Amino acid sequence: MKMSRVVAALFCVSLFLSGMLAQEKSAISANLALTPPMGWNSWNKFACNVSEDMIKGMADAMVKSGMKDAGYVYLNIDDCWQVSRDAGANIVADPQRFPHGMKAVGDYIHSLGLKFGVYSDAGSKTCAGRPGGLGHEYHDAVQYAAWGVDYLKYDWCNTTSQDAKASYANIRAALDASGRPIVLSICEWGTAKPWLWGKEVGGNLWRSTGDIQDRWGGQEKWPDGSCCSNGVLAIIDQQVGLQSYAGPGHWNDPDMLEVGNGGMSDVEYRSHFSLWALLAAPLIAGNDLRNMRAEIHDILTNKEVIAVDQDSLGREGERVAKNGDLEIWAKQLKDGSRAVVLLNRGAAEQQITANWEDLGYPGGVSASVRDLWQHKDLGKFTGKFSATVASHGVVMVNVKP
Ligand code: GLA
């Protein structure tokens with residue numbers, strides 16, 4: 001055989017092998033988060049005040065409160081667990097706050113049947129100014145895998161001129177090379193439209209907006225004039241049109257839950273939770289699970305609403321009708337039924353009607369309606385369903401022809 005043929009044959013073999021390897025790698029991320037991830041994250045309530053004791057207490061509470069039974073599994077430590085890099089460039093956890101190191105925390109979380117998440121950043125520093133992952137992606141991924149990390153939230157601060165798609169592809173490749181299946185949560189705030197490329201780079205979820213605030217309203221400028229603070233209404237408005245990008249293994253992320261953090265009424269928290277479930281959003285609680293009022297517990301663990309979020313068809317719901325402050329949101333479910341949220345954004349109680357045509361059903365069809373908050377079958381309806389909805393409230397039903 002001529003030398004050039006040998007080279008060509010070797011080239012083909014190596015292409016075949018690297019193709020197989022790529023397939024195997026993409027299979028690692030493709031099988032993660034087939035329904036939207038559910039868990040808890042430290043940021044919304046505790047910000048930088050994280051520690052081994054608090055995290056272990058929260059893991060205990062996740063089990064004891066029934067959150068684990070309701071489907072919450074990831075226990076995620078957000079920013080500020082890390083303080084520096086050592087001489088070997090290993091990322092170093094805060095020795096005061098995590099005296100036994102991150103593997104010990106992960107082991108404890110795993111011993112309860114839960115999964116372990118950490119946070120880093122695609123740039124040189126995290127948003128709180130801690131060491132970021134830039135230039136250390138493969139090194140950090142090996143470290144995370146050794147600690148037993150199951151979920152990485154990767155932020156976008158201090159990234160200067162970095163390309164978002166390339167940066168997230170790089171950390172996904174590093175995570176896959178570690179050999180451990182790790183959910184990748186892209187936290188890029190929607191800046192470079194991650195719904196257009198997040199799935200391709202192996203992201204399992206991507207933030208579609210700036211940070212959520214624990215308030216009901218729309219988008220407002222910050223007091224210093226910069227943009228923008230997002231209440232629940234601001235966030236849902238920014239989901240309109242994104243629904244076709246979500247599906248099993250790759251979800252739009254309208255940010256973590258504020259349910260129970262004190263800035264909204266229980267009616268508003270129920271709406272917040274209902275809408276997130278309708279959007280097939282990741283359900284990452286952000287309140288103090290060690291210390292929850294019964295009303296908050298009942299919102300976060302409503303199994304009928306969670307089932308809407310976790311429906312295996314994996315469709316994100318969408319706004320199907322709007323008349324001023326009155327809106328209808330609907331989500332197709334695997335059994336052909338629809339989850340429907342009747343939302344009243346206004347200041348007074350209102351009657352809202354969902355027409356079957358808005359849900360994609362012919363008007364003449366008779367359908368059973370079940371209230372997912374009252375846990376009650378309401379009977380059969382033809383053509384439409386109407387309900388009185390409290391100010392800032394929802395009525396959430398299942399409509400099944
Ligand atoms: C950004 C993220 C938040 C949180 C903080 C931590 O603002 O969007 O969710 O992780 O950083 O510093």
Side-chain angles (χ1 to χ4, degrees), residues 36-51 54-55 58 74-84 91 93-94 97-98 102 116-134 140 144 149 151-160 162 164 167-168 171 182-195 198 203-215 219-224 226-232 234-235 238-239 251-261 263 272 276 281-288:
M38 292 177 65
W40 180 89
N41 172 294
S42 53
W43 184 257
N44 282 355
K45 171 79 184 174
F46 296 93
C48 272
N49 196 14
V50 287
S51 69
M54 183 273 276
I55 294 295
M58 212 59 70
Y74 292 100
L75 210 301
N76 297 344
I77 311 178
D78 208 280
D79 209 346
C80 302
W81 60 266
Q82 64 287 68
V83 284
S84 58
I91 187 98
D94 185 324
R97 289 171 174 269
F98 294 91
M102 298 302 272
F116 176 35
V118 292
Y119 160 102
S120 188
D121 187 288
S124 56
K125 286 186 172 152
T126 71
C127 295
R130 306 304 175 90
L134 183 60
D140 286 349
Y144 298 151
V149 166
Y151 184 115
L152 176 69
K153 172 175 168 183
Y154 217 50
D155 216 337
W156 191 240
C157 281
N158 305 299
T159 46
T160 60
Q162 280 172 247
S167 300
Y168 285 99
I171 187 65
I182 299 178
V183 169
L184 175 59
S185 160
I186 295 177
C187 180
E188 182 270 356
W189 324 309
T191 315
K193 298 191 165 67
W195 46 88
N204 300 108
L205 57 154
W206 48 81
R207 282 274 298 278
S208 50
T209 69
D211 289 6
I212 190 172
Q213 303 300 317
D214 184 15
R215 65 180 182 83
Q219 199 167 59
E220 284 169 12
K221 291 242 158 92
W222 291 105
D224 69 0
S226 66
C227 183
C228 278
S229 156
N230 292 295
V232 162
I235 300 243
Q238 292 172 77
Q239 307 313 306
W251 309 100
N252 289 305
D253 173 10
D255 207 357
M256 304 174 292
L257 297 165
E258 291 284 9
V259 177
N261 279 337
H272 171 22
W276 261 235
L283 297 179
I284 308 292
N287 59 319
D288 190 344

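Note that the coordinates shown come from a computational prediction; the quantities given were computed from them, not determined experimentally. Both counts, for ligands and for their atoms, begin at 1 and track the order of listing.
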Need the ligand 1 atom indices (1-based, order shown) with element for anything under 4.0 Å from a heavy-atom of [X].
X      : value
Asp78  : 4 (C), 6 (C), 10 (O)
Trp43  : 4 (C), 5 (C), 6 (C), 12 (O)
Cys187 : 2 (C), 8 (O)
Cys127 : 1 (C), 11 (O), 12 (O)
Lys153 : 3 (C), 4 (C), 9 (O), 10 (O)

Set of disulfide (SG to SG under 2.5 Å) partners for Cys228, sequence neighbours left out: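 Partners of Cys228 under the disulfide (SG to SG under 2.5 Å) test: none.
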Is the closest side-chain donor-acceptor distance between [X] and [Y] under 3.5 Å?
X      : Y      : value
Asn230 : Arg215 : no
Ser229 : Gln213 : no
Tyr119 : Asp78  : no

Output yes when the distance from some N or O of ligand 1 to some N or O of Asp211 is under 3.5 Å, and no in every other case.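 Between Asp211 and ligand 1, an N or O pair is found under 3.5 Å apart.
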Compute the shortest N/O to N/O distance between Arg207 and ligand 1 and return yes if it is under 3.5 Å, no if not.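 Checking ligand 1 against Arg207, an N or O pair does fall under 3.5 Å apart.
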Does Asp255 pair with Arg207 as a salt bridge, N-O distance under 4.0 Å?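 Yes, charged N to carboxylate O under 4.0 Å.
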Salt bridge Lys193-Glu188, side-chain N to carboxylate O under 4.0 Å: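 Salt bridge absent between Lys193 and Glu188.
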Identify the closest protein heavy atom to atom 12 (O) of ligand 1: which residue and atom is it, and at what distance?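 Scanning the protein heavy atoms, the shortest distance from atom 12 (O) of ligand 1 goes to Asp79 OD2, 2.8 Å.
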Among all protein non-hydrogen atoms, which one is nearest to atom 11 (O) of ligand 1, and what is the separation to 0.1 Å?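 Going by distance alone, atom 11 (O) of ligand 1 is nearest to Asp155 OD2, 2.8 Å.
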Are Tyr119 and ligand 1 in contact, using a heavy-atom cut-off of under 4.0 Å?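 Per 4.0 Å heavy-atom rule, Tyr119 contacts ligand 1.
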Could you report the tightest heavy-atom contact between Ile55 and Ile77, atom names first, then the distance?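 For Ile55 versus Ile77, the nearest heavy atoms are CD1-CG1, 3.8 Å.
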Let me know which of Asp121, Asp79, Asn158 forms a side chain to side chain donor-acceptor pair (under 3.5 Å) with Thr126.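 One option only clears the test, and that one is Asp79.
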May I ask you to identify, for Cys80, whether its side chain, its backbone, both or neither come under 4.0 Å of ligand 1 on a heavy-atom basis?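 For Cys80, there is no contact with ligand 1 at all, from either part.
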